[in-house]
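Note sheet for the following structure.
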Amino acid sequence: MAYVTDLRVEHLDDPIGISDPCPRLSWRIVEAEPGAVQVAYEVEHTGDGLAPHRAKISSGRSQLVEWTSSPLRPRQRVNIRVRVWLEGKDEPTGWSEDVTIEQGLPADGWSAEFASPSLEAPTDGPRPAYLLRAEFDLPSNATRVRAYATARGVYDLLVNGGEIEREVLAPGWTSYNHRLVYRTYVLDGLVEPGRNVIGAWLADGWFRGRLGFNGGRWNVYGADVSLLLQLEVTTADGTVVNVPLTWRWTLAPITATGLYEGETHDQRRAVAGWATAGFDDSAWSVTTSVPRPPAVRLVTPSAPPVRVIERLRPVTVERLPGGRVRLDFGQNISGKLQVTASAPTGHIIELHHAEVLEDGELATRPLRSATSVDTYVFAGVASETWTPRFSIHGFRYAEIVGWPEDQDPAAAVEALVVHSDMTRRGWFASSHELLDRFHDNVVWSMRDNFVGLPTDCPQRDERLGWTGDIQVFAPAAAFLYDATGFLSNWLDDLRAEQIEHGTVRNFHPWLDCGFPADPSAGWGDAAVIVPWVLYERSGDTAILQRYLPAMTDWVDQVDRLTGGTGLWNSGFQLGDWLDPHAPPERPGESATDPYLVATAYHAHTARLVARSAQILGEDRLAERYDAIADRATQAFQHEFLAPSGRVVSDTVTALAIAIVFDLLASESQRRDAGLRLAALVERGDNLIRTGFIGTPLVCDALASTGNIDTAYHLLLQERCPSWLYPVTMGATTVWERWDSMLPDGTVNPGEMTSFNHYALGAVVDFMHRTVAGLAPGEPGYASVRVAPQPGGGLRYARAHHDSPFGRIATSWTRTGDRFDLQVTVPPGVRAQVTLPSGEGPFSVGSGSHDLSCSFRRPEDDPKPARAWNIHNPDERREMEAVLALQADEAPGGSHDHAG
Ligand code: BGC
């Protein structure tokens, strides 16, 4: 029996404390008969004095449907549920489960002020954390109790002694000068009539702690940390009373804490009972009120909270000389340790962290100045359990100095995996073990770097929202997890700062730590590409609407930089960052002309803006950006393209970008460029020759020009540099550099060497779309394109994705010359299936479908010696391309265009 499930409000996991008065709803239909199609739906609203209100609407839509009741008022709480009618059925499905929505405060509804422990202006260096407490009386007729809270700093709340949220590092890092996220805490059931206490731990976090590289900066957003908490009680007659709070503070047992530095906690200074009523706080100081800065908007969350998502036990424990214990958790994570031990009062343990070992020791050099050492001083009670509260690290290995000798660390130490609590959406598996481990590594690098904002890496003194990294990774992210709310939150910061600075910076939130503030192609283009990808994968045109000004402003800015010529050939560029041929200390010195990359990106994103405008019905705007895109394309062709389809900068990246961004002038040029690309890859021994820009494109460029076998050679290469080389070296995450660890096990000498960057893992999107064959046909997977291109000797591959409409799955196997494909399509969706034999496309509706064909790839046969048929024009062209290559022995070719 079909039913409605997964009723969602906007892109939120938990719609408590939202600000949209008319949130849109989405749901999925499960267990429907094959081919079932929704013809109508009904939404029921109840709550807050509302008589049940039902609206039945004839429509097949199940995604982001408009709110059908009156707009929600601030603080209003309603329950909703949905049922649908399927074609040919008189009876509706059963109701979905109820979902509760609650509105947050109106913008002018804040009367509380920030409460700050006023200390002398802090000196640079890790600062202590603070405890804040406030008592209040709850009337006996209270029916609803809410705390609306945030901090300039990081905080944890307690009510009557108990922690109320599992959130870590709230409120997360946003561009605090523009936006500060507050949460709505439901305190019903945690408070009682009479005396109650709210307590808070408060520390520096991103607001005031050290941020950035080159030594970083302290107090980026201000010199005082403070807590904002508004307590509201609703009484039986519906009156909302704002309960004024007087906060008092003292120093917490956390004597020093910093995101990079680590945390020191002295349990001897713990204050027993501080967050319960009746505690004598007369020795505590009263906080200072800090007015809310008018320019800062208090916003409700669109990203899920950061939480402890998983706990890992060590896979090995080693006792080392000097009383050290080394633990290997078998997985590189972002997170922290939790230890349980007993030791005499004043006994100290130190927890050191590292991603890899080098010469048998923790390799801490890649952390640069992020020392990442946590320290705990025992109070001396029977058993003490501790985890740092406000610091996290990127690590697989840990060493504990001072571990009590008589206790077994294996049972007493856990690694807590910390990241944004997003819903997993996509999976991939194949017959290739290393490829599967690589895919797992990409998932881990995403998890480790989606901690409130999309960061480059989780371990060193950086952890910044680099635009280029997420720009290339966004499609993979959107397949693997529901990242729409998460990335919108970050885009709101990008947009706010773009308005402030008149440009998109290379990372957001931006801070000045000496890195060029100039716009750079591939990085600033995130302003266009990330919203576009979110739209493409979610089908939500409101995303395009919301970010269209960011998109147009970026393209306009670049248009101005080109002087209206379309050719972006001056100024700072990061180019094909981390091209393996660039010297370790100069990762921007790629073989590919950075201005070729810049002009290609300009053409590409101008085109995406034109398409976005067209989708939004803004035809004039669409024309304008099409004209910019045409200009940039012509400039690209004029400057960088020979009529033969050769691209100056005769590199893999240059060819791949020209092919994927559709910058070639004709089909034959495109084919020739594909042949040249395949030849370059093969001549390069199927080793990677691309950096951040070329890497996500090269397999698509090969596959779309008929060179799928070469794409597989590259994808499955195991020698360095390649995607699988790190896997052969035991990597459990994606590395920043192709050779972050050199084949001899030493760490790359470059000072910038991380073992956890997702950017080079962007190729998993190709694996999903082309290896497994699961790609969106229309935005939001309203239709699906299934066109697997098997190869590389893979015997099977499969992927599934929980799309907005429900689960889509593809699974193929090869047995001899036979290719079998199973495709599963959710209700309301059609798939266009093309078999690798070329048969199709076949259009199939919801349900499970088996298709097969006979199929054999040449790579399954021993490689025959090449004999050219010069009478066949295609073969002749290919032969000429290969011969030209042989004649042109110089690495990188002889056509390099000085950039
Ligand atoms: C970051 C990158 C980033 C790059 C650009 C690095 O330090 O870790 O991932 O995109 O700088 O300059």
Side-chain angles (χ1 to χ4, degrees), residues 173 210-217 259-260 332 334 355 365-370 394 442 445-446 448-451 453-474 476-477 490 494 503-527 529-530 571-580 582-590 592 594 597-598 601 653 690-696 726 733-740 747-763 899:
W173 186 12
R210 182 167 59 106
L211 289 182
F213 45 96
N214 291 336
R217 283 191 40 211
L259 290 162
Y260 297 163
N332 200 16
S334 79
E355 299 185 282
R365 178 177 57 85
L367 304 177
R368 299 193 303 218
S369 72
V442 176
S445 279
M446 171 169 177
D448 298 341
N449 281 297
F450 274 53
V451 182
L453 75 161
T455 57
D456 54 337
C457 57
Q459 74 300 79
R460 67 179 179 226
D461 51 1
E462 203 154 344
R463 314 183 194 181
L464 302 172
W466 284 96
T467 46
D469 304 40
I470 189 58
Q471 181 269 110
V472 296
F473 192 71
W490 177 76
L494 179 151
T503 184
V504 180
R505 297 289 207 221
N506 295 307
F507 54 85
H508 289 285
W510 172 253
L511 64 116
D512 184 4
C513 50
F515 195 81
D518 317 55
S520 176
W523 272 252
D525 288 290
I529 292 174
V530 177
F572 173 77
Q573 292 296 341
L574 288 159
D576 192 21
W577 184 254
L578 282 170
D579 174 336
E585 288 308 330
R586 296 195 298 282
E589 286 187 14
S590 59
T592 306
V597 169
Y601 260 97
T653 292
T690 49
F692 274 28
I693 295 294
T695 300
T733 39
V734 181
W735 297 348
E736 175 175 31
R737 295 174 182 269
W738 294 109
D739 56 352
S740 284
V747 173
N748 187 298
E751 60 90 49
M752 191 196 77
T753 300
S754 134
F755 293 86
N756 208 350
H757 261 62
Y758 49 59
L760 299 179
V763 71

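All values below come from the heavy atoms of this structure, side chains included, with hydrogens, waters and symmetry mates left out. Start at 1 and go down the list; that is how both ligands and their atoms are numbered. For clarity, every value in this text was computed on a predicted model and none was experimentally measured.
- Put simply, CG on Asp448 and OG on Ser754 are 10.0 Å apart, with the number rounded to the nearest 0.5 Å.
- Each of Trp173, Trp490, Trp523, Trp466 was checked for a ring pair (Phe, Tyr, Trp, His ring centres under 6.0 Å) with Phe507, and the lone residue meeting it is Trp466.
- At least one donor-acceptor pair under 3.5 Å links the side chain of Arg737 to the backbone N or O of Met752.
- Phe515 contributes atom CZ, which lies 9.5 Å from atom CG of Asn214 (distance to the nearest 0.5 angstrom).
- Residues with a heavy atom under 4.0 Å from ligand 1: Asp456, Arg460, Glu462, Trp466, Asp469, Phe515, Trp523, Leu574, Trp577, Phe692, Glu736, Met752, His757.
- Evaluated for a side-chain hydrogen bond (donor to acceptor under 3.5 Å, both in side chains) with Glu355, the options Thr753, Thr733, Asn332 yield exactly one hit, Asn332.
- Under the rule for a side chain to side chain contact (heavy atoms under 4.5 Å, CB included), the partners of Ala759 that lie at least two apart in sequence or sit in another chain are Asp469, Val472, Phe692.
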